[in-house]
Protein chains: 2
Amino acid sequence: MIVTAFRPRREPNEVARVTATAAELLEVLWGRASTAPASASQTRVLFILEHHERVNLRTLAALLASTPPSTSRLCDRLQAAGLVEREVSPTDRREVLLRLSGRGRALLADLRVRRERALRDVLDQMSSADRLALRDGLEAFCAVAAVRIHDGADETGSRTA
Amino acid sequence: MIVTAFRPRREPNEVARVTATAAELLEVLWGRASTAPASASQTRVLFILEHHERVNLRTLAALLASTPPSTSRLCDRLQAAGLVEREVSPTDRREVLLRLSGRGRALLADLRVRRERALRDVLDQMSSADRLALRDGLEAFCAVAAVRIHDGADETGSRTA
DNA sequence: TATTGTTATACTCTATAACTATA
DNA sequence: TATAGTTATAGAGTATAACAATA
């Protein structure tokens, strides 16, 4: 559309809208594949522990944007399921360090296989040009988003707003 | 990579992987913005009702991949919050038809504004070329995914596998 | 005294089973 | 009798408040 040339400021809004729409569709698509045998909340913990090995409970709670009591109970169940392991910190006996177990890693790998299979069903129906555009656009998106998420994790601990 | 030219079958896998990564990042990004004042489950109902006006409770449960009792209670709370309205079907007095209230629609609009704002923070840091690639790729993705989701909704009622 | 984690209690969400009303 | 929806009951997830252990 010619409008785009006259109003370049509009373009990011367009992209935001289509990205949000894609995310909503994906939520439905993946919701059907489910995260079994772990719940969505438990899976979220596993994702975080994968990227923050040996984190303590309060930090994990902050990364989840949750509270220490909720996170403690979540870890109780994850530990009972053999997906997460607790360890008393060697430097501060008040702290508990969490980490993924081998089973936890295996569960994540399996989940990713199932999610990507669901994605493949959609991607296979797209043209090669559209797939390549999607790949390039998303790679750039991930690069920026990953940085923001790591920054945000630090802020979470300092203020709730 | 030259490999891509020799193994075109690999390319959709690459795209599936980067799409899955982007979705995981977005989950964290949007998880911080939250769906308040409605819960994630309640918001999911609102999204569905927006696209399936005057659906009955069993169909809504099927679309959620949930059960009638859970869905009934969910609607109790949504109705109490003034986000959803119940109506006895004029053709079958056993059936209850659900629909979004004006407040429900307003909540969805507000949520979308907040989510898109969070997206904008990421998109603004991308190059214009990357944003346009993302837009084109995602538009094609949405077109295909939307069709699959509507097909899948019909199957949900007939079998659980 | 401040910080880390847990326990106590309450509400939402989810499921299965039993029940009511209508077809 | 079959179907639509609700109620009964139980367990997971979340929150705030009160508590225990350690620094």
Side-chain angles (χ1 to χ4, degrees), chain A residues 27 31-32 34-48 52 54-99 156-158 160, chain B residues 27 31-32 34-49 52 54-99 107 156-158 160:
Chain A
E27 205 175 329
R32 287 183 189 153
S34 92
T35 55
S39 72
S41 298
Q42 291 175 338
T43 305
R44 222 176 132 219
V45 171
L46 302 185
F47 278 136
I48 291 177
H52 296 82
R54 284 168 58 91
V55 76
N56 72 13
L57 192 137
R58 288 185 99 80
T59 306
L60 175 59
L63 289 166
L64 287 166
S66 177
T67 60
S70 300
T71 307
S72 184
R73 283 288 147 82
L74 201 45
C75 288
D76 288 347
R77 290 181 283 260
L78 283 166
Q79 190 172 22
L83 301 173
V84 159
E85 292 164 358
R86 272 179 170 106
E87 175 194 351
V88 175
S89 166
T91 60
D92 185 335
R93 291 168 51 84
R94 291 175 302 181
E95 284 189 338
V96 171
L97 303 182
L98 289 320
R99 58 180 146 71
T156 309
S158 51
T160 319
Chain B
E27 205 176 328
R32 287 181 188 154
S34 93
T35 55
S39 72
S41 298
Q42 291 176 338
T43 305
R44 222 176 132 218
V45 171
L46 302 185
F47 278 137
I48 290 177
L49 289 185
H52 295 83
R54 284 169 58 93
V55 77
N56 72 12
L57 192 137
R58 289 185 97 80
T59 305
L60 175 59
L63 289 165
L64 287 166
S66 178
T67 60
S70 300
T71 307
S72 184
R73 283 288 148 83
L74 202 45
C75 287
D76 287 349
R77 290 181 285 260
L78 284 166
Q79 190 172 23
L83 301 172
V84 159
E85 291 165 359
R86 273 179 170 106
E87 175 194 350
V88 175
S89 166
T91 61
D92 185 336
R93 291 168 52 82
R94 290 174 304 183
E95 284 190 339
V96 171
L97 303 181
L98 289 319
R99 58 182 146 70
L107 188 149
T156 310
S158 50
T160 319

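Below, chain A is the first sequence line, B the second, and so on; all start at residue 1.
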To the nearest Å, how far apart are [X] [atom1] and [N] [atom2]?
| X | N | atom1 | atom2 | value |
| --- | --- | --- | --- | --- |
| B:Gln79 | C:dT12 | CD | C1' | 17 Å |
| B:Leu83 | C:dT12 | CG | P | 14 Å |
| A:Leu60 | C:dG5 | CG | P | 10 Å |

Item checked: By side-chain contact (heavy atoms from CB on, under 4.5 Å) - contacts of B:Thr67 (at least two apart) ->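 Applying side-chain contact (heavy atoms from CB on, under 4.5 Å) to B:Thr67 gives B:Pro69, B:Ser70.
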Item checked: Residues B:Ser39 and B:Ser41: side-chain donor-acceptor under 3.5 angstrom ->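 Side chains of B:Ser39 and B:Ser41: no pair found under 3.5 Å.
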Note to self: One character per nucleotide, please: for nucleotides 4-13 of chain D, 5' to 3', B when the base has a protein heavy atom closer than 4.0 Å, S when only the sugar-phosphate does, - otherwise.
What the structure shows: BBBB----SB
Margin query: Determine whether a donor-acceptor pair (N or O, by modelled atom type, separation under 3.5 Å) exists between the side chain of B:Thr59 and the backbone of B:Val55.
Written below: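 Side chain of B:Thr59 to backbone of B:Val55: no pair is present.
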Notebook entry, point to check: Just wondering, do B:Gln42 and B:Val45 contact through their side chains at under 4.5 Å, heavy atoms?
Noted result: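 Side chain of B:Val45 against side chain of B:Gln42, heavy atoms only: no contact under 4.5 Å found.
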Next item on the list: Evaluate the side-chain proximity of A:Cys75 to A:Leu98: yes if any heavy-atom separation is below 4.5 Å, no if none is.
Entry: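 A side-chain contact under 4.5 Å exists here.
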Next item on the list: Just call it for B:Ser66: base, sugar-phosphate, or nothing, with non-hydrogen atoms closer than 4.0 Å on any strand.
Entry: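 If one applies the 4.0 Å heavy-atom cut-off, B:Ser66 turns out to touch the sugar-phosphate alone, with no base involved.
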Check: Charged N to carboxylate O below 4.0 Å: is that the case for A:Arg54 and A:Glu87?
Finding: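 Salt bridge flag = yes for A:Glu87 with A:Arg54.
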